[in-house]
Amino acid sequence: MHSLDSSLCPMIFATLVSFFLTLSHSLTLQSDIEALQALKLSVDPNMIPPSSYFTTWDFSVDPCDNIGPKFLGILCSSPSNNSKSRITTLELDGAGYDGFLPPRIGTLTELTSLDLSRNRFRGPLPDALKNLNKLTKLSLSGNFFTGGIWTWIYRLKKVERIDLSENCLSGRIPARISKLRRLTQLILSKNEFSERIPNIYALQKLQILDLDSNMLIGSLPKLPPRLRTLRLSHNKLTGHITSLVNLDHLISVDVSDNWFSGPINRGVLALPRLSHLNVSFNQFTKMEVNNYFGSGSRLRTLDAQRNHLRGHLPVKLVNFERLEVINLAHNQFTGQIPMAYGQRLGRPWRTLFLDYNFLSGRIPPEFGPVAVRIRGSLANNCLSCPLRIPLCRGQQRHASACHGVTDG
C-alpha cells in the first residue's frame, strides 16, 4: 500500500482546521441557521427560479458573515459581548416559491420583519409564529395559507403591520386581536373569514382596516377613532353605517356589496377628511345631505349605485366643491334633474351616472354642450332626453314603466 503523499497532509490538515474553526466561530446562532435551512428545504426545489433569493442561500458560509450577493432577503443583528448574531429580517422575493412554513420558523425569535408575500406557500400557519414576539411587520399576502389565526396572532404584542390578504384563511377573526395595541394596519382581505367583526375599538393606533372579500356577518362594531382607510366590501354585513360619523380621520370608505340598509347618514357625508365613499350594492333607502357644506368638504368620489334610494336627487350635492365622480345609477330616484347639476358639469364634475332611475322631465341645458367631456349616462329613465346628447344615448324606459311618475 502506498503511503499518502506527504505534500497533501498539510493541505488536508489546514482544511479540517478551517472547517472546525468556522463551526466554532460561526457568527449566527445555530438555531437561526437551522430555521433558514428548514425553510429552504420546505420549498419545492423545482419552484426556485435561477435568479431568486433562495439560490443565494449557500449554507457553506455563515448567513450573518457575508458581504455580497449571499443570503439575499436576510438582515442580522450586530453581535456584542461575544454573543451570536441573530436574524432580524426575513423578506423573500415574490418568485413563486411553492412550499409550506415550517414550525422551525418560530425559533427566529429576534425577527422584527417577516415577509413571504406573493408566493405559493400553502398549508396552515404554524402555532410557532406566536414565538416571534418582536415582530413589527408580518406580511404573508398572496399565498395559499389555510386554517385559522386565533391561536397565535394575539401574542405578537409589538406588531404594527399585519397583511395576510389573498390567502385561504378561515374561521373567525379573534377578539384577542384587540390586544395588539401598536397595530396601525390590519389587512385580512380576500380570505374566507366568517362570523362577526370583533370589537377592536382598543386598537387606538389603527389607521388601515381592510377586511374586503370575506364572509363576515352582523353589524359594524365600534371602530377605532384614528381610522383613515376602511374597506369592508364584498361581505354579508347588515345594519346601519351611522357609527362612522364619529371617525373624523376617515379618508376612504368602501362598504360596497353588503346588506347595509337605512340612510346614508348626513354625518358620514360631512366627515371632514373624507375623499372617497363607496356605498354601492347595498340596501340603503335614503341619502341625507346637509343644507350647506361650504368648501370644507374634501369628498371627491361618491358611489351609491344599486341601492334602493328614493325621492328626488339631492340638490345640495352641488355644495361639495371638490366632488368629481358621482354614481347614483340603479336606484329609485324620481322627479327632475336639478338645474344646479348642470352648472357643475365639468366644473368639476367629470363623471355622472344617473341611469336606471325614474327621473322625468327635461334635462338642464348645460348637459348638451359639455356632455362630450363627461363620462356617464342618463339612460333608462323617464326623461325627455335627445339622443344627440351623449349622456342621453341608450333608450329611456317604456311609457308603461313611467306611469304615475311626475316631473316633481
Side-chain angles (χ1 to χ4, degrees), residues 86-91 101 103 105-117 121 124-143 145-216 218-232 235 237 243-244 246-247 249-253:
R86 301 294 307 274
I87 309 296
T88 58
T89 296
L90 173 52
E91 297 184 351
L101 194 57
I105 199 76
T107 63
L108 298 173
T109 53
E110 291 294 315
L111 271 187
T112 59
S113 179
L114 176 61
D115 188 344
L116 308 179
S117 57
F121 286 100
L125 293 169
D127 287 351
L129 287 172
K130 67 186 179 184
N131 299 325
L132 307 183
N133 53 24
K134 292 189 178 181
L135 278 182
T136 60
K137 173 189 174 183
L138 175 63
S139 182
L140 305 176
S141 63
N143 285 284
F145 289 117
T146 56
I149 61 173
W150 57 89
T151 60
W152 55 269
I153 198 167
Y154 69 96
R155 298 283 293 273
L156 310 181
K157 297 296 179 59
K158 294 184 178 180
V159 72
E160 298 171 5
R161 291 180 289 168
I162 295 176
D163 186 352
L164 305 180
S165 61
E166 297 184 63
N167 279 286
C168 305
L169 299 169
S170 58
R172 58 185 173 84
I173 300 171
R176 286 192 290 182
I177 206 168
S178 64
K179 295 180 179 294
L180 307 181
R181 301 299 173 83
R182 299 187 183 185
L183 203 58
T184 62
Q185 300 179 19
L186 178 60
I187 304 175
L188 304 178
S189 57
K190 296 182 181 178
N191 279 288
E192 299 172 11
F193 290 111
S194 57
E195 301 186 36
R196 292 175 174 267
I197 301 172
N199 183 350
I200 54 174
Y201 182 75
L203 300 178
Q204 296 287 300
K205 295 184 177 181
L206 193 66
Q207 297 182 19
I208 296 176
L209 177 62
D210 186 350
L211 305 179
D212 277 0
S213 301
N214 282 285
M215 296 183 289
L216 300 168
S219 57
L220 290 179
K222 191 174 183 181
L223 295 170
R226 293 190 177 276
L227 272 184
R228 295 163 60 91
T229 299
L230 176 64
R231 301 190 183 105
L232 301 175
N235 281 287
L237 299 169
S243 60
L244 300 185
N246 299 316
L247 305 179
H249 295 272
L250 277 175
I251 295 173
S252 177
V253 173

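This chain uses plain numbering: 1 for the first residue, then up along the sequence.
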Taking the side chain as everything from C-beta on, heavy atoms only, tell me whether [X] gets closer than 4.5 Å to [Y].
X: Ile187; Y: Leu164; value: no
X: Asp210; Y: Leu188; value: no
X: Gln185; Y: Gln207; value: no
X: Leu183; Y: Ile162; value: yes
X: Pro224; Y: Ile200; value: yes
X: Ile105; Y: Leu90; value: yes
X: Leu108; Y: Leu114; value: no
X: Leu156; Y: Leu138; value: yes

Exercise. Checking Lys222 against Tyr201: charged group under 6.0 Å from the ring centre and within 45 degrees of the axis?
Worked result: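 Output yes; distance and angle both within limits.
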Could you give the distance from [atom1] ([X]) to [atom2] ([Y]), rounded to the nearest 0.5 Å?
X: Asp212; Y: Asn235; atom1: CG; atom2: CG; result: 7.5 Å
X: Ser194; Y: Asn191; atom1: OG; atom2: CG; result: 11.0 Å
X: Asn167; Y: Ser141; atom1: CG; atom2: OG; result: 7.5 Å
X: Trp152; Y: Asp127; atom1: CH2; atom2: CG; result: 9.5 Å
X: Leu140; Y: Leu129; atom1: CG; atom2: CG; result: 7.0 Å
X: Asn133; Y: Glu110; atom1: CG; atom2: CD; result: 9.0 Å

Exercise. Side chains of Thr109 and Arg86: donor-acceptor distance under 3.5 Å anywhere?
Worked result: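 There is such a pair between these side chains.
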Exercise. With a 3.5 Å cut-off and no angle check, do the side chains of Ser189 and Glu166 form a donor-acceptor pair?
Worked result: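 Note: Ser189 and Glu166 side chains miss the donor-acceptor criterion.
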Exercise. Taking it one step at a time, do Leu230 and Leu244 satisfy side chain to side chain contact (heavy atoms under 4.5 Å, CB included)?
Worked result: CA-CA 10 Å; Leu230 176 64; Leu244 300 185; 3.7 Å; yes
Looking at [X] and [Y], what are the two nearest heavy atoms and their distance?
X: Leu250; Y: Thr229; answer: CD2-N, 4.4 Å
X: Pro174; Y: Ile153; answer: CG-CG2, 3.8 Å
X: Thr146; Y: Leu169; answer: O-CD2, 3.6 Å
X: Ala175; Y: Pro198; answer: CA-CB, 3.7 Å
X: Leu247; Y: Leu227; answer: CD1-CD1, 4.4 Å
X: Arg182; Y: Lys158; answer: NH1-CG, 3.7 Å

Exercise. Any Lys/Arg nitrogen of Asp115 or Lys137 sitting under 4.0 Å from an Asp/Glu carboxylate oxygen of the other?
Worked result: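 Looking at Asp115 and Lys137, the cut-off is met.
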Problem set entry | Leu135 backbone acceptor or donor facing Thr112 side chain under 3.5 Å |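 Side chain of Thr112 to backbone of Leu135, a donor-acceptor pair under 3.5 Å: no, none is there.
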Exercise. Do any N or O atoms from the side chain of Thr184 and from the backbone of Lys205 form a donor-acceptor pair under 3.5 angstrom?
Worked result: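 No: the side chain of Thr184 does not pair with the backbone of Lys205.
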For this session: Dump the intermediate steps for side chain to side chain contact (heavy atoms under 4.5 Å, CB included) on Leu216 and Phe193, then the final yes or no.
Result: CA-CA 6 Å; Leu216 300 168; Phe193 290 111; 4.2 Å; yes
Problem set entry | side chain to side chain contact (heavy atoms under 4.5 Å, CB included) evaluation trace for Ile197 with Leu211 | CA-CA 9 Å; Ile197 301 172; Leu211 305 179; 4.0 Å; yes
Exercise. Could you go step by step and tell me if Leu111 and Ile87 meet the side chain to side chain contact (heavy atoms under 4.5 Å, CB included) rule?
Worked result: CA-CA 6 Å; Leu111 271 187; Ile87 309 296; 4.0 Å; yes
